[in-house]
> 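First the structure, which I've put down as structure tokens, then a few questions once you've had a look.
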2 protein chains.
Amino acid sequence: MTTTTNRSPGRRAVTDHGSIERAAFRLFEEQGFDDTTMEQIAESLGVGRRTLFRYFPSKNDIPWGQFDQSLRDFAAQLASVPLEVPVSEAVHQCVVAFNDFDEQSLPQHRIRMRLILDTPTLQAHSALRYAAWRTVIEDYVAARLNMRPDGLVPRLAGHVSLALAVSSYEQWLSEPDSDLTSILRLAMGELRSYLD
Amino acid sequence: MTTTTNRSPGRRAVTDHGSIERAAFRLFEEQGFDDTTMEQIAESLGVGRRTLFRYFPSKNDIPWGQFDQSLRDFAAQLASVPLEVPVSEAVHQCVVAFNDFDEQSLPQHRIRMRLILDTPTLQAHSALRYAAWRTVIEDYVAARLNMRPDGLVPRLAGHVSLALAVSSYEQWLSEPDSDLTSILRLAMGELRSYLD
DNA sequence: AGAATAATGGCACTCAGCGCCAAAAAGATA
DNA sequence: TATCTTTTTGGCGCTGAGTGCCATTATTCT
């Protein structure tokens with residue numbers, strides 16, 4: 001009865017990304033990110049420190065959860081926009097969609113983003129995640145405009161979209177009851193009028 | 001004759017920021033940033049490792065040299081723009097001026113920026129320096145528009161100016177004989193037309 | 001029962017960074 | 001010249017992230 005053969009051989013994993021993330025977030029909120037050690041996270045899970053590094057390449061990566069996964073969805077979303085829609089409009093729509101979370105997961109998302117944007121160590125590390133996000137936009141814009149992804153315009157599109165998103169997140173986090181989607185749309189309007 | 005009394009008392013400094021920077025850059029180019037240890041830099045200067053940390057708070061700060069200094073000039077430059085000039089125009093002009101290096105210091109600047117933009121460790125750390133740079137813009141825009149520095153528009157201005165600058169740097173580094181000033185101006189035009 | 005497979009986690013190591021503090025090197029004073 | 005004061009140096013020892021190595025453990029397969 002203990003063996004119902006429907007798995008691959010080998011020892012069972014003793015934890016998973018989700019559990020680690022939850023345990024870590026609890027400690028981060030209690031003690032702050034910098035004052036929480038991998039040792040403590042491991043201990044609170046009853047797991048070896050070495051094991052944590054098999055699930056997350058670094059402590060800095062824990063708050064980002066399954067970001068790589070989302071990037072694939074982001075790229076797919078972009079690819080599905082009709083070619084009639086102007087490039088910058090397509091990108092903007094997808095950026096808005098990418099950051100549209102259902103009400104259920106919103107509180108957790110807020111906590112996650114506050115941690116990332118308020119912790120200098122994580123602000124720094126974010127640059128690497130942001131780069132991957134920008135690449136998705138650069139590739140799309142380059143394809144749409146028939147340019148190389150490392151050209152000026154695709155890169156501008158990536159960087160500026162990120163600028164818009166991060167500005168909006170900062171605003172969102174500073175207003176308890178605000179709506180991220182609205183702020184993202186508002187930001188695009190403000191950007192256009194700022195540039196005259 | 002050995003004592004011409006015109007200094008403050010105490011032991012003389014055995015090195016300075018410039019020397020450390022030069023020694024470090026030599027090693028960074030020979031071995032790469034990540035494979036160069038503070039120990040090696042110290043050794044190549046005939047100085048204690050501990051001493052390096054009194055001149056630079058971290059290894060990541062070495063490539064940035066005297067950036068804080070430049071920020072003060074940047075702020076002063078902004079403050080000196082006549083109020084007749086529209087805000088976004090004022091910011092853009094100062095961003096261009098901030099990145100206008102004389103031909104003599106240009107090769108070194110190129111090496112510095114290539115190192116920073118091509119090394120993931122440094123890309124990450126840059127976020128913290130960029131934040132300080134953005135703050136200068138945020139404060140200026142907020143003052144000009146009579147808003148709080150943490151409002152949406154000032155922050156957008158900071159983030160978007162950075163986006164423009166970094167995009168331009170990436171383009172500049174990818175073209176051996178290009179002119180940074182021209183690219184910055186070009187980028188502003190491309191941004192406006194990208195946004196329609 | 002034993003072979004094959006896969007995850008675990010301990011061990012030992014490197015390196016950044018920091019607090020502490022004694023020693024070195026300079027000027028100032030008498 | 002000797003001593004006092006000031007300032008920088010740099011050694012020591014520690015913490016904590018991250019890594020390579022590998023024996024151990026848990027599971028399925030034959």
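Chain letters run A, B, ... following the sequence lines, proteins first, then strands; residues in each count from 1. Model, not experiment: these values are computed from the prediction.
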> Of the candidate nucleotides dG20(D), dC15(C), dG19(C), which contains the atom at the shortest distance from the side chain of R50(B)?
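Closest nucleotide to the R50(B) side chain: dG19(C).
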> Looking at dA7(C), dT8(D), dA16(C), which one has an atom nearest to any side-chain atom of M38(B)?
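My answer, after comparing the listed nucleotides, is dA16(C).
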> Starting at CD1 of I20(A) and ending at C1' of dA7(C), how long is that distance when rounded to a whole Å?
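Result: 13 Å.
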> dG18(D), dT8(C), dT28(D): which one has an atom nearest the side-chain heavy atoms of P9(A)?
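Nucleotide nearest to P9(A)'s side chain: dT28(D).
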> Does F53(A) have K59(A) sitting over its ring (NZ/CZ under 6.0 Å from centre, angle to axis within 45°)?
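Not satisfied by the 6.0 Å and 45° rule.
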> Looking only at N and O atoms, is any donor in the side chain of R12(B) or the base of dG27(C) less than 3.5 Å from an acceptor on the other one?
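Flag unset: no donor-acceptor pair detected.
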> Return the nearest nucleotide to the side chain of R54(A); candidates are dG18(D), dG9(C), dC21(C).
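For the R54(A) side chain, the nearest candidate turns out to be dG9(C).
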> Are any side-chain N or O atoms of R112(A) and backbone N or O atoms of P63(A), one a donor and one an acceptor, separated by less than 3.5 Å?
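Yes, because the side chain of R112(A) sits within donor-acceptor range (under 3.5 Å) of the backbone of P63(A).
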> Is the distance from the ring center of Y130(B) to that of W133(B) below 6.0 Å?
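For Y130(B) and W133(B), the ring centres are not under 6.0 Å apart.
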> Side chain of R11(B) only, heavy atoms from C-beta on: which candidate in dT24(D), dA25(C), dG18(D) is closest?
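Of the candidates, dA25(C) comes closest.
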> The side chain of T15(A) is closest to which nucleotide in this list: dG27(C), dT8(C), dG9(C)?
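The answer is dT8(C), which lies nearest to the side chain.
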> Check for me, please, whether V91(B) and L191(B) land in the same ILVMFWY cluster - side-chain distances under 4.5 Å, paths through other members count.
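Yes; L191(B) is reachable from V91(B) via cluster members.
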> From the list dC21(C), dT8(C), dA17(D), which nucleotide is the closest neighbour of the side chain of A13(A)?
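The closest nucleotide is dT8(C).
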> Please pick, from dT8(C), dT9(D), dA16(C), the nucleotide with the shortest atom-to-atom distance to any side-chain atom of K59(B).
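It is dA16(C).
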> Starting from the 5' end of DNA chain D, give me the residue, T36(A) or R49(B), whose nearest nucleotide shows up first.
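Mapping each residue to its closest nucleotide by heavy atoms, the 5'-most match is R49(B).
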